Number of protein chains: 2
Amino acid sequence: MQKARHESIICTVDVVLLTLHEGALHVVLLKRDREPFNGALALPGGYIHQQEDQSAWDAAARVLREKTGITAPYLEQLATFAGPGRDPRGWSVSIAYYALVPVSILPTDRPQIVMRPVERLPSLPFDHKSIVDSAVGRVRTKSQYSSLPVYLCGERFTLPQLQAVYEAVLGEPINKVSFRRKLEELAMLEPIEGAMESGGAHRPAQLYRLRKEYRRSLSVVDRGLNPRS
Amino acid sequence: MQKARHESIICTVDVVLLTLHEGALHVVLLKRDREPFNGALALPGGYIHQQEDQSAWDAAARVLREKTGITAPYLEQLATFAGPGRDPRGWSVSIAYYALVPVSILPTDRPQIVMRPVERLPSLPFDHKSIVDSAVGRVRTKSQYSSLPVYLCGERFTLPQLQAVYEAVLGEPINKVSFRRKLEELAMLEPIEGAMESGGAHRPAQLYRLRKEYRRSLSVVDRGLNPRS
DNA sequence: TGAATAGTGTCTTTGAGACAATATTGC
DNA sequence: GCAATATTGTCTCAAAGACACTATTCA
């Protein structure tokens with residue numbers, strides 16, 4: 001029925017780290033410092049370490065931390081990419097994760113870490129282009145019915161800022177009234193005492209933050225054939 | 001940054017094969033014929049075969065075919081389960097898939113293949129309970145906004161039958177008019193010339209089938225914060 | 001005061017559910 | 001015709017979008 005032995009398969013995790021920069025989704029890429037594809041820009045990734053990692057999520061978080069210094073963002077499994085041709089070293093499995101962070105927490109002092117707009121990706125090694133495209137699709141879909149984009153904002157943000165983030169991710173304008181009604185319904189934000197203004201010659205906007213119970217999770221709206229009943 | 005060597009990790013695929021039986025979702029389980037957990041009921045699964053499999057999907061389809069005889073159902077990647085504790089043999093990765101089939105195509109002549117309702121699962125080895133629960137959750141969620149449940153029907157079905165399938169999967173009644181409006185909108189069904197009646201003393205229902213372009217894919221309804229614009 | 005953007009009220013449109021009328025079959 | 005279920009029409013209700021009005025700040 002099946003072979004008793006299994007030849008060793010290359011087992012890795014890759015992380016699609018997304019952020020918003022100049023109003024557009026960007027993916028964080030690293031210049032590789034080893035073969036294969038030494039010197040090429042690629043997703044942060046690495047082998048699973050059986051001694052350290054208690055799960056694939058742990059491995060992804062560790063790889064992200066080791067390669068970019070980023071800790072504990074929103075990090076979720078995307079899909080697994082596997083096959084004989086995606087890595088020149090042989091049959092390989094990559095468990096892909098995606099993460100969202102505000103651009104402000106990205107390290108700026110490491111030239112090997114760069115950001116590229118997801119709409120104009122450079123050529124990428126392995127099947128990393130498919131992985132990025134898949135992550136972007138997932139983020140767009142999930143943003144339609146959840147609070148996912150808040151993880152692209154910093155800790156404090158105004159509703160107009162958050163709406164701009166949603167619009168950048170979804171690539172289309174959103175009705176302001178509906179947007180605020182929906183956020184009200186999701187009940188995951190709380191106002192902070194103290195408004196911001198900076199923009200200047202206009203009414204300042206209320207600052208909000210995620211309520212504690214949503215700091216690391218999502219709020220999802222009901223939807224479907226029959227959300228009622 | 002990372003170890004140059006990677007010890008061999010156990011790489012498998014598992015398939016959550018779901019069907020509808022007596023109005024309830026059931027998962028197909030196999031009596032294991034080898035260690036570990038010899039004799040226990042478990043998901044059909046097996047090693048990736050580097051020589052044969054061109055992808056993880058291929059491996060899942062092969063495993064399903066070899067273990068149950070079922071070919072080419074709706075088969076989609078679910079998620080990957082990995083860690084040091086889920087398999088007594090060591091750090092393991094299982095790329096899980098789920099499949100939907102009409103109960104009529106299940107083999108009935110093999111006693112090692114059984115069906116269990118997903119609401120009353122027997123105890124399962126490995127983390128197969130988590131995998132099944134995850135698949136059931138995915139199917140329920142996806143059924144809310146897509147045509148997924150049609151793959152639980154045979155090739156020909158009436159709208160009342162299909163509605164009953166949706167209701168069984170979602171676990172709640174659906175408004176008949178809305179249901180038909182939604183199917184109309186999805187535009188994936190076509191009537192077959194010829195009605196069925198069997199039930200007897202009442203008006204017969206029109207038989208439908210999937211339109212060719214949807215035979216192996218899904219139709220998904222728009223949804224979200226701003227489906228318009 | 002005027003420009004600019006934040007925040008809110010409300011009318012309109014759209015889509016889903018309720019309900020019921022009509023259609024068709026076997027007895 | 002009667003029972004039973006399929007199919008369709010239409011009214012009602014709720015959510016989403018459009019639009020505009022008010023609020024607040026700085027120059």
Side-chain angles (χ1 to χ4, degrees), chain A residues 23 143-147 153 156-168 170-187 189-209 219-229, chain B residues 23 143-147 153 156-168 170-187 189-209 219-229:
Chain A
S143 295
Q144 290 182 330
Y145 61 88
S146 80
S147 61
C153 294
R156 303 146 59 89
F157 47 85
T158 68
L159 294 187
Q161 283 168 357
L162 182 58
Q163 178 169 352
V165 170
Y166 267 86
E167 289 174 338
L170 297 175
E172 58 188 16
I174 296 176
N175 181 280
K176 179 170 56 167
V177 180
S178 303
F179 180 71
R180 285 165 182 250
R181 269 196 296 243
K182 191 58 73 181
L183 289 179
E184 181 75 21
E185 178 188 326
L186 291 173
L189 300 184
E190 61 187 8
I192 309 173
E193 316 311 311
M196 78 168 296
E197 64 301 293
S198 64
H202 59 273
R203 177 175 175 176
Q206 174 66 54
L207 278 169
Y208 287 83
R209 66 176 163 219
S219 189
V220 174
V221 304
D222 235 358
R223 67 220 151 93
L225 283 169
N226 189 346
R228 182 139 316 285
S229 99
Chain B
S143 295
Q144 289 183 332
Y145 61 88
S146 80
S147 61
C153 294
R156 303 146 59 90
F157 47 85
T158 69
L159 294 185
Q161 284 168 357
L162 183 57
Q163 178 169 352
V165 170
Y166 267 86
E167 289 174 338
L170 296 175
E172 58 186 18
I174 297 176
N175 181 280
K176 181 170 52 169
V177 180
S178 303
F179 181 70
R180 286 165 182 250
R181 268 196 297 242
K182 191 58 73 179
L183 288 180
E184 181 75 22
E185 180 187 324
L186 291 173
L189 301 184
E190 61 187 7
I192 310 173
E193 315 313 314
M196 79 169 295
E197 64 300 294
S198 64
H202 60 274
R203 174 174 177 177
Q206 174 65 55
L207 277 169
Y208 288 83
R209 67 176 163 218
S219 187
V220 174
V221 304
D222 236 357
R223 65 218 151 96
L225 283 169
N226 190 345
R228 184 138 314 286
S229 99

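So that the names make sense, note that chain A is the first sequence line, chain B the second, and so on, each numbered from 1. Bear in mind that the values here come from a model prediction, so they are computed numbers and not experimental data.
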Query raised in the report: Along nucleotides 1-6 of chain D, 5' to 3', which nucleotides get a B, which get an S, and which get a -, given that the test is a protein heavy-atom distance under 4.0 Å?
Result: --BBBB
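A:Phe157 places its CZ atom 16 Å from the C1' atom of C:dA6, with the value rounded to the nearest Å. Per the geometry, CD1 belonging to A:Ile174 stands 16 Å off P belonging to C:dG7, to the nearest Å. Atom CD in B:Glu184 sits about 11 Å away from atom P in D:dG9, given to the nearest Å. Atom CG of A:Asn175 is separated from atom P of C:dC11 by 16 Å (rounded to the nearest Å). Rounded to whole Å, the distance from CD on A:Glu185 to P on D:dG17 is 12 Å. When the P atom of D:dT7 is taken as reference, atom CZ of B:Phe179 falls 12 Å away, rounded to whole Å. Straight-line distance from the CD atom of B:Gln163 to the P atom of D:dT8: 13 Å, rounded to whole Å. Atom CG in A:Leu207 sits about 17 Å away from atom P in D:dT24, given to the nearest Å.
Looking at heavy atoms from C-beta onward, A:Arg181 lies in side-chain contact with A:Val177 at the 4.5 angstrom threshold.
Each of B:Arg181 and A:Leu159 lies near DNA chain C, and the nucleotide nearest A:Leu159 is the one positioned closer to the 5' end.
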Requested in this report: State the dot-bracket string of DNA chain D. Criteria: Watson-Crick or G-U wobble, both atom distances under 3.5 angstrom; notation: ( ) intrastrand, [ ] crossing earlier pairs, | interstrand, . unpaired.
Outcome: |||||||||||||||||||||||||||
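The shortest non-hydrogen separation linking B:Gln161 to B:Arg156 is OE1-O, 4.5 Å. In terms of heavy-atom proximity, B:Gln144 sits nearest to B:Leu170 at CG-CD2, 3.8 Å. Pairing each heavy atom of A:Ala168 with each of A:Gly23, the nearest pair is CB-O, 3.4 Å.
Here A:Glu167 pairs with nothing under the salt bridge (Lys or Arg N to Asp or Glu O under 4.0 Å) rule; sequence neighbours left out.
Rounded to the nearest 0.5 Å, atoms OG (A:Ser178) and CD (A:Glu185) are 11.0 Å apart. Between A:Gln163 atom CD and A:Tyr166 atom OH the span is 10.5 Å, to the nearest 0.5 Å.
A donor-acceptor distance shorter than 3.5 angstrom exists from the side chain of B:Gln206 to the backbone of B:Ile192, with no hydrogens or angles considered.
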Requested in this report: Tell me, with the steps shown, if A:Glu184 and A:Arg180 meet side-chain contact (heavy atoms from CB on, under 4.5 Å).
Outcome: CA-CA 6 Å; A:Glu184 181 75 21; A:Arg180 285 165 182 250; over 6 Å; no
